[in-house]
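This report concerns only the one structure given below.
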Amino acid sequence: MTDPLNARLLDIALEAARTAGAMLRERRPADLGVSATKSSPIDVVTEMDIAAEKLITGFLAEQRPDDGLLGEEGADVRGTSGVRWVIDPIDGTVNYLYGLPSWAVSIAAERDGETVVGVVEAPMRRETYHALLGSGAYANGERVHCRPTPPFEQALLGTGFGYLTERRAAQADVVRTLLPRVRDIRRSGSAAIDLCDVGCGRLDGYYERGLNPWDYAAGALVAREAGARTGGRPGLDASNELTVAASPGLFAQLQPLLDELGAWHD
Ligand code: IPD
Ligand code: CA
């Protein structure tokens, strides 16, 4: 039976993500520009990232005033309930800025540090992905599963690149070695969507170095609940150092290979 608190947290996350997603789709200014930069001149924030985070955190604080909050655009509240929300108001900001469709609102709920709910709202795909710990993964309400493990050389992988020049150079070296060994590599520009694509069987696997919890918390739960494995370096959980998600048999090959190729360091 589904834990009633988890079910309630899922309803709240779905409503927050859908409201923010609709606002972002409908009110994107035609002349949208960059409001600020973060880790480098190409790591951008728009007024809409800020507005969406405000909308989401305002709604969550109203519904669950004692919960903690962690948001990419600065939300950081400790909370007292043991529940913490991990929010990326726009995952794929550069796509959103350019008018490309791969961007999403990502909201996860953790209980005592464990992710129990993940919602990824991808408005331009007209898709909502969700997962509840132990209850499977869904796209628009339909159960989804990761793909059966392919032969390694037929794997379609997703990845992404950070915003720092030195990191990108190291990431390019890994891609250079990996690309000739697999079917192909995709770079969608949204880690949350990439992880959901592993869960929906649209990618065989995904990896990236340098992600933050708001990028992967919700999508990684979707991938796991769809039957994929997720992790970081061998024996470790997904982290800023490395995030890997793939069908189980592929994961068993991809994770050690990425470790050997140094995908976890710059
Ligand atoms: C980025 C996206 C991108 C990934 C970057 C992330 P943001 O998130 O997920 O796919 O490659 O590492 O920072 O900045 O658009 O929220
Ligand atoms: Ca973001």
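In this chain, residues are counted from 1 in sequence order. Counting starts at 1 for both ligands and their atoms, in listed order.
The Ca ion (ligand 2) lies at 3.0 Å or more from every N, O or S atom belonging to W214. Not a single N, O or S atom of D49, from either the backbone or the side chain, sits less than 3.0 Å from the Ca ion (ligand 2). D88 lies close to the Ca ion (ligand 2), since one of its N, O or S atoms is found at a distance under 3.0 Å.
A ring-ring contact (aromatic ring centres under 6.0 Å, His included) check over residues 69-102, counting only residues at least two apart or in different chains, returns the pairs Y96-W103.
Checking N140 against R126 by side-chain atom types alone, no donor-acceptor pair falls below 3.5 Å. Side-chain atoms of D49 and T93 include a donor-acceptor pair closer than 3.5 Å. A side-chain donor from one of R224 and T230 sits under 3.5 Å from a side-chain acceptor of the other.
Residues D3 and R111 are paired through a salt bridge, judged by an N-O separation under 4.0 Å between the basic side chain and the carboxylate. Taking the charged nitrogens against the carboxylate oxygens, D266 and R209 do have a contact shorter than 4.0 Å, which makes a salt bridge.
Ligand 1 lies under 4.0 Å from heavy atoms of E72, D88, I90, D91, G92, T93, G160, F161, Y163, R187, G189, S190, A191, E208, L211, D215.
For E72, the N, O or S atom closest to the Ca ion (ligand 2) goes by the atom name OE1.
Listed by chain and residue number, nothing satisfies the side-chain hydrogen bond (donor to acceptor under 3.5 Å, both in side chains) test with T159 (two or more places apart in sequence, or in another chain). Residues passing the ring pair (Phe, Tyr, Trp, His ring centres under 6.0 Å) test with Y138 are H130, sequence neighbours excluded.
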